[in-house]
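For reference, the structure discussed in these notes is given below.
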Amino acid sequence: MTPNALDMLRAMARIRAFETALSERKDHGFQLLSSGEEAVAVGLASALTERDQLLTGGRSIGPAIARGVDPRAVMAELLGKTAGVNGGRAGRGHLSDPASGFFGAHAVVGGNISIAAGVALAKQMDGDGGIVAILFGDGACGAGALHETLNIAAKWKLPLLFVCNNNQWSVSTSREDALAPARLSDLGKTFGLPSRTIDGLDVEAVAAALGEAAQSVRRGEGPAFVECISIRLRSHSTTARETRKRDELAELRTRCPIRRQIARLGLDDDAVEALERDAADFAAAALAFAEASPYPSAAEVLTDVG
Amino acid sequence: MTPNALDMLRAMARIRAFETALSERKDHGFQLLSSGEEAVAVGLASALTERDQLLTGGRSIGPAIARGVDPRAVMAELLGKTAGVNGGRAGRGHLSDPASGFFGAHAVVGGNISIAAGVALAKQMDGDGGIVAILFGDGACGAGALHETLNIAAKWKLPLLFVCNNNQWSVSTSREDALAPARLSDLGKTFGLPSRTIDGLDVEAVAAALGEAAQSVRRGEGPAFVECISIRLRSHSTTARETRKRDELAELRTRCPIRRQIARLGLDDDAVEALERDAADFAAAALAFAEASPYPSAAEVLTDVG
Amino acid sequence: MLDSAVVATKKMFFREAIAKAVREEMALNDRIMVMGQDVGSFGGSYREFDGLFGEFGAERVRDMPVAENASIGIGAGAAAAGYRPLVTITYMDFLMLGFDPLINYAAKLRYKTAGGLTAPLVVKTTAGAQGQGVAHSQCIEAWLMSVPGLTVVAPSTPADAYGLMKTALRADGPVVYIDHKRLFPAPGEVPVLESLVPFGLAAVRRAGTDVTITAHSFMVRMALEAAETLESEGISCEVIDLRSLAPLDMPAIAQSVARTGALVTLEEGQLTSGVGAEVAARLFETTGHRRWARVGALPAPVSSNPVLEAACVPDARRVAEAVHKLLAR
Amino acid sequence: MLDSAVVATKKMFFREAIAKAVREEMALNDRIMVMGQDVGSFGGSYREFDGLFGEFGAERVRDMPVAENASIGIGAGAAAAGYRPLVTITYMDFLMLGFDPLINYAAKLRYKTAGGLTAPLVVKTTAGAQGQGVAHSQCIEAWLMSVPGLTVVAPSTPADAYGLMKTALRADGPVVYIDHKRLFPAPGEVPVLESLVPFGLAAVRRAGTDVTITAHSFMVRMALEAAETLESEGISCEVIDLRSLAPLDMPAIAQSVARTGALVTLEEGQLTSGVGAEVAARLFETTGHRRWARVGALPAPVSSNPVLEAACVPDARRVAEAVHKLLAR
Ligand SMILES: Cc1ncc(C[n+]2csc(CCOP(=O)(O)OP(=O)(O)O)c2C)c(N)n1
Ligand SMILES: Cc1ncc(C[n+]2csc(CCOP(=O)(O)OP(=O)(O)O)c2C)c(N)n1
Ligand SMILES: [Mg+2]
Ligand SMILES: [Mg+2]
């Protein structure tokens with residue numbers, strides 16, 4: 001058992017419970033949840049230090065929490081409350097907390113990749129040893145922004161870790177139907193980046209591979225690219241139609257990264273119960289905090305525009 | 001001597017003479033010439049049939065002429081005259097003549113690549129056996145449009161031949177400074193395309209390689225990618241500052257594809273003189289035709305808008 | 001005009017009206033194809049292409065990767081080469097990613113080829129705010145209106161969604177067809193038999209005598225709501241649904257304002273250099289000045305926050321207020 | 001205001017004024033960097049960065065590949081993370097390729113983070129027609145004006161090119177700085193000592209009593225030329241150089257029109273939902289209606305053809321005609 005294997009499991013369980021609690025409320029419109037993808041978020045977070053920054057696409061709740069953003073402030077943000085990490089105005093797909101090393105989500109698919117490269121450029125010029133990680137989906141790999149950014153990041157040797165969370169779907173479109181490369185990590189290889197494709201359901205493997213990649217980036221060897229193959233256990237969003245068959249989903253659930261880590265660690269029923277209780281408490285505390293916070297006032301609409 | 005080796009030489013010489021004649025006039029503002037790149041245009045044209053279409057970036061005079069567009073109408077177009085292939089309104093960087101298999105130039109760098117894929121989609125649906133070639137520069141390889149189009153073209157197995165004329169410069173920026181991939185043809189390889197990098201100064205090699213690539217595209221095997229490494233003997237445009245040193249340019253001139261083909265074919269002085277006379281006549285006829293044509297009238301400004 | 005003709009109709013949702021138009025046109029013209037994200041077996045984000053994939057197959061109804069630039073470029077190229085692609089861009093905000101092929105290529109193609117080539121491309125996209133946040137809520141149709149060579153339409157009823165889509169799929173040059181997130185759940189009567197809504201024709205949605213309100217897309221409903229309220233206060237509003245933004249039906253607006261003597265322009269997007277500014281400018285150029293007020297979003301991004309979103313975009317109350325103020329002048 | 005202050009000046013070209021501003025600011029603030037195509041040893045397409053590469057090195061003056069989207073995105077990210085990038089986009093037409101990071105990210109950043117993050121990014125680009133054809137000649141500044149969170153400036157003199165660039169490089173949020181192909185060869189007096197031109201302040205370029213002409217960028221010269229001609233006919237024009245399009249200096253315009261009683265708005269871009277429509281709309285909202293005419297491009301793409309280009313974009317003759325017509329009303 002690696003030192004933080006249990007911590008990583010706990011972190012995954014907390015994300016799952018948090019998102020489940022959130023999904024049971026309807027007052028947020030809809031949310032992009034990450035069941036099945038927790039190992040990527042948690043493994044990635046374990047590879048980052050205080051000096052680093054993480055940016056993500058719209059599916060950002062798990063990564064933000066894994067990175068250490070106050071879960072209460074995340075919940076409040078997602079429910080549009082003033083105690084939210086951005087006062088309730090960023091909401092789904094846009095939350096950010098640079099002080100916690102979470103530079104932000106951005107819900108335009110592919111849109112945060114070049115932004116992350118800019119943050120990495122700042123890090124490089126600061127010379128403080130920090131790196132930047134950008135987490136994006138398989139869907140984003142079709143976007144030209146990735147290509148443009150890979151090229152410049154490679155030429156400038158930016159301290160940027162490209163992490164593709166390949167959950168194999170962009171809404172209803174499969175990775176196979178959408179993307180021609182044999183492996184998505186080939187996209188990094190073309191530009192000379194150290195590039196790997198790994199099992200994104202194995203949190204320890206993710207932590208190890210991303211830890212290694214982050215090290216090479218941190219050593220100043222330029223960007224690296226890691227594709228984590230994961231699964232999406234729920235539909236694209238809490239209001240989107242599920243397009244996969246029941247039996248396909250049932251099969252997917254057998255590969256749940258949390259169940260897998262529980263099995264690997266050989267937790268007994270008591271330990272699992274404790275894990276679930278901790279996670280439920282975590283979610284409940286966040287929800288209670290968020291509920292206690294008010295909505296912003298309409299008068300705020302013109303503040304902080306430009 | 002391959003059957004059309006002399007024809008290809010003549011075609012290259014004609015392009016050179018045409019562009020030289022054009023460059024000596026100042027009433028066109030400026031032009032993007034292709035000295036040093038004639039072998040790519042002529043070799044590519046030799047790989048295309050009547051049913052095919054060619055699209056290019058802004059450096060389009062040589063390719064248009066090689067493709068068989070009436071040189072007189074090209075000259076008139078470049079001088080803004082009504083006898084131009086587009087009535088004098090497309091001008092530099094935008095000329096087109098689909099009836100001659102030249103679907104058109106488009107001066108936005110990278111901007112014609114997806115358009116070409118659309119034309120290729122039309123060809124595929126027509127099922128008439130025609131293919132489309134898109135000629136773009138090394139500079140265009142930095143643009144996201146290339147990535148997006150490569151991916152879709154690969155997935156849809158479009159009859160599209162990607163031809164990168166890598167003249168090693170984008171204005172003042174060298175290919176090395178701008179682009180990270182070891183070979184630009186690696187960009188095609190990532191998407192599973194048959195991809196090669198060839199000597200773009202050897203017209204016979206270009207014709208052979210592009211002929212082969214065009215065949216595989218024509219057989220329905222999907223797109224192919226060929227990078228032709230060429231040289232640009234003049235500055236970026238007729239009004240752009242030259243940034244390279246005299247001796248560098250002198251060295252480049254020794255690699256001129258026309259001189260090379262003359263040497264390979266062992267032409268004697270008389271044959272060279274005949275070649276040059278033919279080329280000069282070709283250019284002079286085009287210029288005379290263009291000069292005889294009037295400018296459009298200002299009243300035309302609102303015609304054919306939408 | 002459609003509204004005054006007597007035609008058999010059937011109640012359907014906006015999305016069904018779109019699908020009906022596309023289905024009919026695809027059956028008539030085998031050069032029409034649909035291309036975009038999740039338009040295939042999924043049937044479109046709002047089910048607006050439901051069933052087409054099954055009926056017409058994967059050749060003519062194509063899922064595309066997230067690649068807005070190339071999607072529009074490929075559509076434009078196929079259009080120039082003789083097909084009639086309908087390219088969908090999920091939200092109008094992402095249309096910016098495809099502006100280069102749309103505006104720098106497709107909209108200029110006929111001009112630069114002196115009529116030799118055209119790009120009969122339809123780009124369908126969805127505008128407006130419905131809790132989706134700063135980068136998924138914008139209304140930038142005023143920008144598109146200003147592009148020579150582009151046609152821009154934005155229906156507010158299922159019947160117009162149907163009739164304008166059919167016209168778009170027969171048009172000569174690029175058309176941007178804008179629907180709205182909040183219109184998809186709206187039912188309405190749609191002609192059963194084939195019927196087209198021509199470009200450049202506005203529709204009077206409500207006759208009135210005191211003030212003319214122009215609007216398009218979802219805001220037509222806000223105008224009608226406001227008109228309802230105002231009627232109870234004795235103010236009679238004429239509501240004009242622009243439907244087509246480029247070309248604009250200036251005669252219809254002029255006729256109405258000639259009668260009412262007052263104009264409120266309403267749009268969900270930004271007022272600055274917006275649709276309303278243009279409607280008023282063109283009107284006054286021919287008729288001389290009339291009383292005018294414009295209503296649009298406040299000058300701020302549209303947050304997904306329900307309070308801030310509601311504060312930012314116009315609603316019936318703000319329209320009614322504007323009418324009150326204008327008539328009090 | 002700059003024009004009324006007594007300051008030592010030196011004659012220089014527009015491009016030199018830009019370089020001077022950037023040089024001074026880079027020396028003062030080591031977080032400023034220049035990024036764009038051919039800005040390094042080449043010194044910029046119009047030599048507007050001449051010498052900076054030598055002085056500040058490849059770290060702070062960076063050549064970029066042809067990748068407008070990522071160039072603006074990287075600039076925006078670096079800005080959000082504490083730097084002050086000046087990103088150049090050769091022609092405004094290509095700015096569309098970078099609209100997503102500029103408009104969907106940078107312009108919204110302060111709002112969506114409730115003030116937590118800002119993007120002090122300057123995007124410099126070149127507008128206007130000079131024989132470059134349909135995809136290299138557009139003026140789309142009106143679109144940018146309408147984006148909440150964006151500042152937009154467009155100088156017409158070397159002194160303002162200098163003063164506005166300095167202000168831009170000290171601003172809090174994203175600024176689009178627009179120069180013009182035809183202005184680069186223009187010399188003008190530029191303050192020798194450091195001096196800033198604030199945003200939101202127009203400049204009266206010529207005092208007059210009969211009509212106010214507003215313009216920006218190269219069109220200010222057309223306005224001044226027209227004013228010259230008209231003076232010989234006894235018509236006195238006041239010419240206002242807007243300089244800053246967002247924010248607009250409405251008080252300056254209002255004061256002028258209050259005196260002259262007539263307004264001609266002039267722009268090189270399309271009239272539809274343009275700068276002039278907005279200037280007039282805002283003015284009349286506060287002052288009530290005044291006589292107004294607008295002059296801009298004809299509704300067509302701008303061909304590189306010399307005859308068609310000249311026919312499409314406004315010149316002094318068309319401005320003078322518009323003034324005549326307006327005053328004859
Ligand atoms: C530029 C752009 N196009 C389309 C969308 C709509 N959209 C939102 S999420 C999504 C799926 C993206 O797939 P992927 O990148 O794999 O992320 P995942 O949803 O699987 O986490 C799409 C297409 C968007 N937000 N931005
Ligand atoms: C999108 C875009 N960005 C910038 C330019 C300006 N520009 C015109 S030609 C050119 C060089 C492109 O280099 P390359 O693709 O190698 O073609 P070459 O000029 O070498 O033929 C550039 C940057 C443009 N036309 N379009
Ligand atoms: Mg995915
Ligand atoms: Mg080149």
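Letters go in sequence order (proteins before strands), and every chain restarts at 1.
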Leading residue by heavy atom contact count with chain A [cutoff under 4.5 Å; candidates C/Gly133, C/Ser45, C/Ala67, C/Pro299]: C/Pro299
Residues, nucleotides or ligands: over 12 heavy atoms within 6.0 Å of C/Arg221 CZ: no
Nearest non-hydrogen partners of A/Ala298 and C/Val307, listed with the distance: N-CG1, 3.6 Å
Partner chain A: residue of C/Val66, C/Asn69, C/Asp38 with the largest heavy-atom pair count (under 4.5 Å): C/Asp38
Within 6.0 Å of NZ in A/Lys245, more than 12 heavy atoms from elsewhere: no
Test log, rule side chain to side chain contact (heavy atoms under 4.5 Å, CB included), inputs A/Val171 and C/Gln37: CA-CA 9 Å; A/Val171 192; C/Gln37 289 160 41; over 6 Å; no
Spatial distance of atom CD (A/Glu77) from atom CG (C/Asn305) [nearest 0.5 Å]: 8.0 Å
Within 6.0 Å of CZ in A/Arg183, more than 12 heavy atoms from elsewhere: no
Contact class of C/Gln132 relative to chain A, heavy atoms under 4.5 angstrom: both
Heavy-atom side-chain proximity of A/Val108 to C/Asp93 below 4.5 angstrom: no
Engaged part of C/Phe94 at the chain A interface, taking heavy atoms whose separation is under 4.5 Å: side chain
Interface residue of largest heavy-atom contact number with chain C, from A/Gly110, A/Ala178, A/Gly84, under 4.5 Å: A/Ala178
Minimal non-hydrogen separation, C/Tyr46 against A/Arg241, with atom names: N-NH2, 4.4 Å
Atom pair CZ (A/Arg89) and OG (C/Ser304), whose distance is rounded to the nearest 0.5 Å: 11.0 Å
Closest approach of C/Ser303 to A/Gly88 (non-hydrogen atoms, all atoms of both residues): OG-O, 4.4 Å
Exam field: side chain A/Arg92 to backbone C/Gly131, donor-acceptor pair closer than 3.5 Å: yes
Atom of C/Pro301, atom of A/Val305 and distance for their closest heavy-atom approach: CD-CG1, 4.1 Å
Which atoms of A/Ser170 approach chain C - backbone, side chain, both or neither, heavy atom under 4.5 Å: both
Interface moiety of A/Ser297 toward chain C, non-hydrogen atoms closer than 4.5 Å: backbone
Heavy-atom proximity to chain C below 4.5 Å, by part of A/Ala140: neither
